[in-house]
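Below: the structure, in structure tokens.
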Amino acid sequence: MTRITAPPPPSSPPSSPPPLRHSPAALGTPRSRRRHSPSPSLALTPSSSASASTSSRPKVRPSPRRAYAAAQWVALPSHPAFSRGDGGEGLGGGGGGAAWDASASRLYVWDPSARGVHRICVRVRDAEAGKDGEDVAVEAAVPSEMLMPETDLGYKVTHLSLNTDGSSLLLAGSHNISILYVHERVSEDGDKVICRTVPVASQILPSNNDGIKVLQTSWHPFSSSHFGVLTSDAVFRLFDLSFDLEQPEQEFYLQPILPGKCQNASSICPVAFSYGSDHLWDRFSVFILFSDGSIFVLCPIVPFGSDYNKKHIQEIYEDVNSFGLKSSNQNVVTNSRLAIAWLEATFPDLSRQPADNSALMSRAHPYASLDDSLTLQGPLCRVCEENNEPESKSNSCEGKAVGFVYSSVGKDSILVTAWGSGQLQIDALADEIQPQWSIGIPTRLNVDSHGQIKSVAMICDSNSEDSWAMRSYRPSSTGSNVKSNTDAVWMGHSPPLLRLAIVDLALAKTSNDSSLSLFLDPLVPERFYCAHGGGLDMVTLHFLPFSYPEMASTPPSVHPILTTGNNEANSPFLSGFVTIADAYGHVQLVSITCPGECFVVEMKGWKEPTPLQLDIDSKSIKDVESFTTGMISKELIAGPDPPIVPSSSSLRSLTPDSIEGKSTLHHYIKVFHEYYVEYGHKVFIELKEHGDYLKTEIEDKQKRLQAVKQSLLSIEAKDQDINNRINRAFKVYDLLEKRIEGFKILPAANKKPLSQAEQEFKAQLDRFADVELDALRSSITALSARMKRFAHPAIGSAAGTGMSTWQTPKVGRSHVSDSQMSLLKSSLEKLSLLNEENNVKLRLIEHELKNQEQ
């Protein structure tokens with residue numbers, strides 16, 4: 001359930017600033033309170049934790065209290081921060097240049113020209129309740145603060161992200177990452193505030209923008225101090241902000257394929273990742289997308305010291321004990337025991353007696369199995385209801401995957417993949433995510449002198465038998481054998497995917513893949529937004545296999561929100577995009593374009609936006625009303641009804657001088673007079689009222705007549721020019737016919753069309769040129785960077801950073817350094833062989849491409 005947070009009522013005048021929230025990292029030693037060892041002997045002392053967490057932090061110089069000017073509320077698009085007109089220089093498209101703090105109603109926007117972050121106070125008011133008739137719903141306070149880094153970052157910021165408590169900003173570039181502490185202020189000069197800024201993983205990421213690239217960074221949803229980083233060397237790292245920013249807390253080396261089995265270079269290049277939501281084992285999962293569209297899962301991954309709902313953890317624990325351990329299948333029992341051991345070690349409250357049931361949250365303790373490592377589950381296979389054949393080409397997407405997002409909707413887990421061809425692939429998990437371990441592959445631990453686990457690293461291999469086992473999977477209907485379904489869940493296989501829809505956004509075809517970014521709606525989980533070079537689209541799901549099975553025949557609805565009219569769909573459009581859930585149950589979409597303009601679109605609940613439809617042939621309501629009100633009634637136009645006159649024979653018998661004749665004549669004169677006078681009076685009134693309409697119509701006709709005359713004069717003036725252009729077109733047509741006749745003489749005119757085999761080979765070469773070459777180059781670059789790092793290790797790096805070396809606490813082993821050295825040499829030999837094979841493949845592909853071009 002999504003919580004709608006309204007801005008708190010101001011307890012002070014508008015001129016006074018809001019109170020500042022202090023960073024949790026500066027309030028003591030949270031590390032000693034957060035992390036606990038599974039055993040009392042491995043507890044970390046507070047003194048060592050405090051020294052470790054504050055050793056790299058300089059003391060913040062106190063700044064004098066400054067006087068705040070009175071705030072003036074203006075419409076958000078009219079804020080001075082959005083009128084810089086710098087063309088978006090230095091900021092990449094995709095919508096990552098803005099962040100929203102819902103608890104404090106603050107909007108953070110990166111300014112590439114000032115190299116700082118605008119911190120804007122925002123309020124949302126009900127536009128319908130206003131008496132002024134304005135339609136402004138989102139307002140911003142002027143002036144706003146400008147948060148500046150303590151030192152120049154030295155790179156272009158492409159992504160801005162705020163943690164859950166609003167104390168730290170993540171500034172990510174293509175090769176660098178930095179953390180800006182919002183409340184740790186070094187100095188202040190008016191509205192410009194200098195904040196402490198610290199680089200992240202400076203020893204891992206290169207400083208010369210060469211080698212390892214930062215693909216995606218994102219804060220963990222269950223921790224305000226942990227954030228994940230996915231790099232181009234196929235490594236997922238989880239950093240702890242309160243402990244160490246140079247070395248990751250958890251490090252996972254992804255091996256999606258077995259060595260020597262690589263047939264597709266794009267299958268080893270990661271693109272993006274997404275955390276799971278608050279649903280069973282999904283909350284402990286990380287979904288990783290590769291450039292060929294394959295999806296892998298790492299489960300379980302838990303930030304050390306993060307808090308989880310104790311009721312949900314107890315539910316998972318009881319589920320494993322009830323179904324997993326009672327199975328007759330030995331594999332099911334083994335996986336269940338591993339899951340129970342992990343739950344009891346990570347959450348020790350589960351194994352203890354429930355002495356105090358008042359605790360609502362359970363804190364995760366540092367734990368990792370020594371003899372086992374996590375399995376890279378996948379690639380997740382898609383199942384068919386009818387047969388077991390692989391999906392056809394009509395159901396597959398073109399290009400390479402460029403975006404990914406996970407959403408939990410009711411009972412369903414939805415995975416949306418964006419492709420560079422402008423297509424959205426929407427899948428749902430057909431089964432629940434379960435944890436998996438690779439037995440026999442040890443985990444490398446980094447511990448301190450007290451035995452406290454400081455960091456974990458492991459190699460995550462994929463199960464080669466997993467995907468083949470899932471190809472024969474058939475989803476069972478509701479109410480089938482529950483025991484067989486439970487055994488299938490705990491067999492150690494990855495959950496299959498159920499294809500919901502493929503949405504084609506009909507973007508312009510370009511030589512390069514389009515850049516698409518996906519954003520979730522904070523109130524309606526079935527709704528998400530897609531930003532691309534052509535604008536912003538809203539996609540709403542109506543069919544969900546477990547939540548809304550009755551809507552099976554209803555496809556997703558797509559509605560354009562913003563349209564740029566740009567034919568180049570791969571060019572960036574939005575530099576920042578945030579969704580604001582206001583107190584009235586509506587969603588405000590704040591879009592910031594690359595030139596620095598701001599647009600606000602209001603989405604009211606479930607109401608879909610009505611597209612503007614214009615029909616030129618049909619008349620508008622205004623025209624029809626004005627025409628009908630100006631017409632004279634048909635009764636007046638028809639004239640008066642003639643009075644009833646008796647037959648002429650009866651009147652001939654009367655003489656005008658007689659009394660009866662005079663009476664009859666007087667009677668008919670009176671009747672005619674009254675009738676025609678009444679009709680004339682009606683005509684007079686109608687003509688008087690109709691005069692204004694006739695005057696308006698005459699003026700309109702005169703204007704239209706003058707316009708027609710001007711058009712005729714213009715056409716007469718352009719007639720000679722049009723005739724000249726027609727004559728010129730005929731001459732060009734004759735010239736083109738002559739050139740076509742000349743081309744028919746050339747030997748290439750008799751060239752036969754390509755056969756089916758040649759067309760397939762050409763399509764394969766095009767696919768290699770579009771996807772495989774980029775993937776191979778990035779893989780070779782990452783492997784070269786890693787090989788250089790392993791070949792020339794930094795002497796004394798462990799002593800300089802204060803971190804102890806990697807240790808595996810196993811008894812009975814000797815000559816650890818020699819074994820590690822031999823393992824390193826064998827790894828280097830394998831990497832060099834793989835590098836040589838990739839170079840040979842590249843030369844062959846380039847040779848074939850040159851031959852094809854010739």
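For clarity, every value in this text was computed on a predicted model and none was experimentally measured. We use all heavy atoms of the structure for the numbers below, so side chains are in, but hydrogens, waters and symmetry mates are not.
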Can you name the residues that form a ring pair (Phe, Tyr, Trp, His ring centres under 6.0 Å) with Trp219, not counting sequence neighbours? Phe227

Sequence neighbours excluded, the answer for salt bridge (Lys or Arg N to Asp or Glu O under 4.0 Å) partners of Arg283 is Asp278

Atom NE2 in His159, atom CG in Leu215: separation rounded to 0.5 Å? 12.5 Å

Who passes ring pair (Phe, Tyr, Trp, His ring centres under 6.0 Å) against Tyr275, sequence neighbours left out? His220, Phe273

Hey, could you give me each pair passing salt bridge (charged side-chain N to carboxylate O under 4.0 Å, His left out) that has a residue in residues 214-232? Not counting sequence neighbours. none

How many angstroms lie between atom CG of Leu169 and atom CG of Leu147, to the nearest 0.5 angstrom? 7.0 Å

Taking the six-membered ring of Tyr108 (Phe, Tyr or Trp), confirm whether the NZ or CZ of Arg119 is under 6.0 Å from its centre and within 45° of its axis. no

Distance-only donor-acceptor check, side chains Ser224 and Asn163, under 3.5 Å: no

Closer than 4.0 angstrom, basic N to acidic O: yes or no for Arg185 and Glu145? yes

Here the pair of heavy atoms bringing Ser591 nearest to Leu536 is OG-CD2, 4.0 Å

Note: Ser407 and Pro525 closest approach over all heavy atoms is OG-O, 3.4 Å

If you apply the rule side-chain contact (heavy atoms from CB on, under 4.5 Å), what do you find for Met146 with Val193, and how did you get there? CA-CA 6 Å; Met146 171 68 78; Val193 181; over 6 Å; no

Counterpart residues, ring pair (Phe, Tyr, Trp, His ring centres under 6.0 Å), relative to Tyr406 (two or more places apart): Phe287

Please assess Phe252 against Val286 for the test side-chain contact (heavy atoms from CB on, under 4.5 Å), listing each intermediate value before the final yes or no. CA-CA 11 Å; Phe252 304 93; Val286 176; over 6 Å; no

Go through it in stages, so that I can follow the logic: the residues are Asp101 and Ser103, the test is side chain to side chain donor-acceptor pair (under 3.5 Å), and I'd like the CA-CA distance, side-chain angles, deciding distance and then a yes or no. CA-CA 6 Å; Asp101 186 2; Ser103 59; 3.0 Å; yes

What residues, two or more places apart in sequence or in another chain, satisfy salt bridge (Lys or Arg N to Asp or Glu O under 4.0 Å) together with Asp233? Arg237

What do the steps show when you test Val590 against Cys598 for side-chain contact (heavy atoms from CB on, under 4.5 Å), and what is the final call? CA-CA 7 Å; Val590 180; Cys598 179; 3.9 Å; yes

Under the side-chain contact (heavy atoms from CB on, under 4.5 Å) rule, collect the residues that match up with Ala140, sequence neighbours excluded. Leu76, His79, Ile120

Spacing of CG belonging to Leu245 relative to CD1 belonging to Ile179, to within rounding of 0.5 Å: 6.5 Å

Pairing residues for Ser202 by the side chain to side chain donor-acceptor pair (under 3.5 Å) criterion, not counting sequence neighbours: Glu246

Could you measure the distance from the CG atom of Leu170 to the OG1 atom of Thr217? Nearest 0.5 Å is fine. 4.5 Å

Go through the structure and list residues passing side chain to side chain donor-acceptor pair (under 3.5 Å) with Gln588, not counting sequence neighbours. Asp582

Could you tell me whether a side-chain N or O of Thr158 sits under 3.5 Å from a main-chain N or O of Ala172, the two making a donor and an acceptor? yes

Do side-chain atoms of Gln247 reach the backbone of Phe239 as a donor and acceptor pair under 3.5 angstrom? no

Verify side-chain contact (heavy atoms from CB on, under 4.5 Å) between Phe222 and Asp307, making sure each step is shown before the conclusion. CA-CA 7 Å; Phe222 295 98; Asp307 295 327; over 6 Å; no

When you measure from the side chain of Ser232 to the backbone N and O of Lys213, does any donor-acceptor pair fall under 3.5 Å? yes

Sequence neighbours excluded, the answer for side-chain contact (heavy atoms from CB on, under 4.5 Å) partners of Glu597 is Thr593, Phe599

Could you work out, with side-chain contact (heavy atoms from CB on, under 4.5 Å) as the rule, every residue matching Leu505, not counting sequence neighbours? Leu424, Val503, Leu507, Leu516, Cys530, His532, Asp537, Val558

With sequence neighbours excluded, tell me which residues meet side chain to side chain donor-acceptor pair (under 3.5 Å) with Tyr308. none

How long is the span from the CG atom in Leu289 to the CD atom in Gln216, to the nearest 0.5 Å? 9.5 Å

Can you measure from CD (Glu150) to CD1 (Ile194) and round to the nearest 0.5 angstrom? 8.5 Å

Any donor-acceptor N/O pair, Arg106 side chain to Ala104 backbone, under 3.5 Å: yes

